[in-house]
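Note on naming: letters A, B, ... go to the chains in the order of the sequence lines (proteins, then strands), and numbering restarts at 1 for each one. Treat the numbers as computed from the prediction; the structure is a model and nothing was measured.
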There are 4 protein chains.
Amino acid sequence: MSQVADSKGSRAETASAKRQRLMISAAQVVHQQGVERTTIADIARAADVPVGNVYYYYKTKDDLVAAALTEHARQLGLLTDRLDQLPDPRERLKGLVAAWVSQGDLAAQYGCPTGTLAAELDKRAEGGLDVAAGKVIRLLLDWVERQFRDLGQPDPDGLALTLVGAYQGMSLLTNALRDPTVMTREGDRLIAWLDSLPAR
Amino acid sequence: MSQVADSKGSRAETASAKRQRLMISAAQVVHQQGVERTTIADIARAADVPVGNVYYYYKTKDDLVAAALTEHARQLGLLTDRLDQLPDPRERLKGLVAAWVSQGDLAAQYGCPTGTLAAELDKRAEGGLDVAAGKVIRLLLDWVERQFRDLGQPDPDGLALTLVGAYQGMSLLTNALRDPTVMTREGDRLIAWLDSLPAR
Amino acid sequence: MSQVADSKGSRAETASAKRQRLMISAAQVVHQQGVERTTIADIARAADVPVGNVYYYYKTKDDLVAAALTEHARQLGLLTDRLDQLPDPRERLKGLVAAWVSQGDLAAQYGCPTGTLAAELDKRAEGGLDVAAGKVIRLLLDWVERQFRDLGQPDPDGLALTLVGAYQGMSLLTNALRDPTVMTREGDRLIAWLDSLPAR
Amino acid sequence: MSQVADSKGSRAETASAKRQRLMISAAQVVHQQGVERTTIADIARAADVPVGNVYYYYKTKDDLVAAALTEHARQLGLLTDRLDQLPDPRERLKGLVAAWVSQGDLAAQYGCPTGTLAAELDKRAEGGLDVAAGKVIRLLLDWVERQFRDLGQPDPDGLALTLVGAYQGMSLLTNALRDPTVMTREGDRLIAWLDSLPAR
DNA sequence: CATGAATGAGAGTTCATTCAT
DNA sequence: GATGAATGAACTCTCATTCAT
């Protein structure tokens with residue numbers, strides 16, 4: 001089986017490889033430049049794919065943006081999978097906050113990838129991309145809510161909103177103020193808050 | 001006296017009136033559509049000004065965006081001036097939250113005007129508009145910090161970040177999830193939090 | 001009569017003063033920037049006349065360019081009048097060359113005012129300004145030809161072409177090469193040439 | 001062989017062919033209309049290329065002007081290469097003058113392509129196109145200087161300035177006066193002058 | 001499948017000219 | 001006459017999308 005794959009892959013690369021490279025590049029470039037300021041050519045260049053070839057994998061620019069959202073969801077899944085290894089839900093949530101803060105460099109410069117994308121996509125009615133962005137955020141909310149529920153907290157739904165909202169807010173402020181310490185200060189506060197919650 | 005004013009105003013309007021109309025329209029349209037998806041023609045139409053004439057008042061599109069920021073700062077100033085009438089700083093802060101929630105309709109649809117603008121402008125280095133957006137947010141932060149200080153709270157700076165961050169976060173989530181109740185639920189939580197703070 | 005003029009001029013300036021200022025400014029600014037890159041606003045600013053007021057004196061931009069040509073003709077007249085004081089036609093011609101070279105600073109930076117203007121206006125068929133530019137150059141040619149005739153030279157017409165052509169050529173080269181010494185070197189050569197011509 | 005070429009060329013043409021067509025058209029149209037009065041659409045039409053496609057080959061209008069300069073330099077090179085076949089440097093110079101005069105039709109209507117271009121570009125500081133124009137003129141000067149040196153003349157540099165300056169001057173006068181005979185008359189004079197120079 | 005090239009619909013901006021007081 | 005403001009046509013440039021090989 002691998003022989004067949006190799007025989008194909010030795011010269012031409014698999015189609016899915018290009019698709020994936022485009023998806024990852026779309027996620028990165030759109031995160032840094034925003035949807036409107038990103039051209040197809042930007043993404044093509046970042047993915048090292050000829051411009052004319054992009055359309056083979058993604059019919060429209062919106063398809064590429066949707067792919068960027070999918071990629072963000074995938075990366076979120078990787079993170080939560082890793083955190084799910086931890087036995088204690090409180091530790092999982094603290095791990096999430098720690099991850100946010102540690103990613104600080106990029107997030108401090110360009111904000112939360114999903115959040116800024118959602119904010120930009122919300123400003124357009126057509127295409128339904130706004131809804132897609134909401135779904136990714138919902139994934140995060142659901143996971144967080146599950147942890148609060150496991151912790152035995154009342155109103156896990158509301159707590160999830162609070163925690164994720166705090167993350168979005170501190171990301172935005174870090175950016176707007178161009179002050180990375182906002183991220184760490186608010187991160188510490190969230191950790192302390194999580195610690196202060198009674199068990200069960 | 002007003003007759004004289006009217007007789008003048010019936011045909012021609014003061015130059016600053018048009019400037020102001022453009023500024024307000026810029027603030028509104030940019031809030032709803034975002035900077036990149038807003039054309040000069042959009043703003044001109046909203047202000048009922050011929051496209052070519054816009055440039056008499058604002059040399060570039062960026063100038064118009066800066067004007068939109070100024071307008072948001074002005075509206076923030078109106079709000080805080082009104083709240084400053086209240087004797088108790090805690091009531092002022094609760095009034096702020098109430099204002100946020102009550103504005104819900106618009107904010108729920110398009111997010112916090114300054115916050116979403118800041119997020120979009122952060123993605124471009126040139127022009128310094130990103131810094132300008134930060135300054136408007138700083139105005140809000142400073143006012144909030146002052147209230148916490150008047151309340152005798154320790155770390156008023158940090159508390160301001162938390163409150164404003166929560167506002168930005170809940171605005172974004174309200175939008176992304178297309179769920180206006182997020183705004184009210186989080187608003188209630190913030191009110192309760194403010195009430196729970198010890199005096200002095 | 002002068003009283004009336006004064007009574008008018010004491011507060012408001014005479015209309016012709018503004019006209020003249022516009023004419024002079026047009027000549028200067030057009031010399032430096034070229035016709036196409038000069039806006040009415042540029043000339044108005046240089047003449048310290050409100051933009052809207054320019055059209056009182058000059059109905060179109062072309063009228064202003066025509067005025068610039070007239071101004072150049074006037075300045076040429078001043079020069080030749082001065083040179084006409086000299087008794088010897090050879091000295092008059094040498095004085096002309098000396099004047100060209102001494103004006104070097106400006107001409108080296110922007111070329112011969114009339115020549116560059118003629119070159120630019122030649123590229124458009126409409127308006128007849130090209131012909132007007134030719135007439136100014138013809139004024140110079142005629143004066144030079146008269147000197148050669150007074151000198152008793154055969155073919156004074158051809159000699160005039162040669163001398164004026166040399167001036168235009170050296171102005172252009174000085175500019176194109178950004179080398180002011182071209183002007184002085186060629187000027188010296190022309191002086192020597194004039195000296196070498198036999199009298200009568 | 002040509003059949004194969006034709007079968008390829010019948011539909012698609014080589015990319016460089018379009019580039020070249022644009023370059024040649026730019027040179028022609030700019031020569032006739034001047035830089036400022038030439039629009040990208042003018043050049044596109046002359047080259048039979050859709051407007052939007054021009055930018056695939058030349059990023060800006062200035063790039064197109066630069067290409068026009070290059071084209072003029074190329075045509076100058078073709079001319080001097082041809083003249084270089086002649087054994088006698090004096091004949092080469094006379095051939096150059098003859099070429100100038102014979103081109104008279106076009107040059108009489110629009111002036112020396114490089115000279116008028118240089119004059120127009122000199123009026124703008126930005127972009128460095130002015131310097132580029134100077135370089136093309138320098139090419140001509142250098143070639144002429146070489147001929148004078150081969151002729152054993154003292155000060156070949158100065159003689160080159162004189163000859164090329166005379167060419168620029170007579171081109172300009174021919175235009176300004178709308179009198180093609182200026183070209184021929186001055187051309188004859190230059191030929192006579194070259195003949196009068198002592199050998200060695 | 002791959003790819004350079006093509007296309008055309010706007011977008012921002014400038015500016016000569018005109019208007020209204 | 002004087003003046004700030006108004007107007008609209010034109011221009012340069014961008015870019016998502018499609019085409020032809």
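- Atom pair Leu22(A):CG and dA2(E):P shows a separation of 11 Å (rounding to whole Å applied).
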| query | Could you go step by step and tell me if Leu117(C) and Val136(C) meet the side chain to side chain contact (heavy atoms under 4.5 Å, CB included) rule? | reply | CA-CA 10 Å; Leu117(C) 197 40; Val136(C) 180; over 6 Å; no
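- An OP1 or OP2 oxygen of dG1(F) is reached within less than 4.0 angstrom by no side-chain nitrogen or oxygen of Tyr57(C).
- Across the protein-nucleic acid pair, Tyr58(B) atom OH and dT14(E) atom P stand 17 Å apart, rounded to whole Å.
- What separates CD of Glu36(C) from C1' of dC11(F) is a distance of 13 Å, to the nearest Å.
- The salt bridge (charged side-chain N to carboxylate O under 4.0 Å, His left out) contacts involving residues 41-52 of chain B comprise Asp42(B)-Arg45(B), where partners must be two or more places apart or lie in separate chains.
- A donor-acceptor pair under 3.5 Å is formed between the side chain of Glu120(A) and the backbone N or O of Val35(A).
- Contacts of Ser25(B) classified as side chain to side chain donor-acceptor pair (under 3.5 Å), with partners at least two apart in sequence or in another chain: none.
- Here the P atom of nucleotide dC15(E) and the CG atom of Leu64(C) are 15 Å apart, to the nearest Å.
- Between Leu64(B) and Val54(B), the shortest heavy-atom contact is CD1-CG1, 3.7 Å.
- Scanning for side chain to side chain donor-acceptor pair (under 3.5 Å) contacts around Thr116(A) gives Lys123(B), with sequence neighbours left out.
- For the pair Val35(C) and Thr38(B), both in contact range of DNA chain E, the more 5′-proximal nearest nucleotide belongs to Thr38(B).
- As rounded to whole Å, 16 Å separates atom C1' of dT13(E) from atom CG of Asp42(B).
- Listed pair Lys18(C) / dT3(F) meets the phosphate criterion, a side-chain N or O lying under 4.0 Å from OP1 or OP2.
- A side-chain donor-acceptor contact under 3.5 Å links Tyr58(A) to the backbone of Arg19(A).
- Between dT3(E) and Asn53(A), a contact under 4.0 Å exists linking OP1 or OP2 to a side-chain N or O.
- Helical stems of DNA chain E (runs of at least 3 Watson-Crick or G-U pairs, donor-acceptor distances under 3.5 Å) are listed by first residue: E:2-21 with F:2-21.
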| request: For side chain to side chain contact (heavy atoms under 4.5 Å, CB included), just list the numbers for His31(B) and Glu71(B), CA-CA rounded to whole Å, side-chain angles, deciding distance to a tenth of an Å, and then say yes or no. | output: CA-CA 11 Å; His31(B) 180 207; Glu71(B) 171 64 14; over 6 Å; no
Show me the protein contacts with nucleotides 17-19 of chain E, counting only N or O atoms at under 3.5 Å.
residue: dT17(E); atom: OP2; partner: Lys61(C); partner atom: N; Å: 2.8

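- OP1 or OP2 of dA5(E) lies within a sub-4.0 Å distance of a side-chain N or O belonging to Tyr56(D).
- Here the C1' atom of nucleotide dA5(F) and the CG atom of Asp48(B) are 15 Å apart, to the nearest Å.
- With sequence neighbours excluded, no residue forms a side chain to side chain donor-acceptor pair (under 3.5 Å) with Gln28(C).
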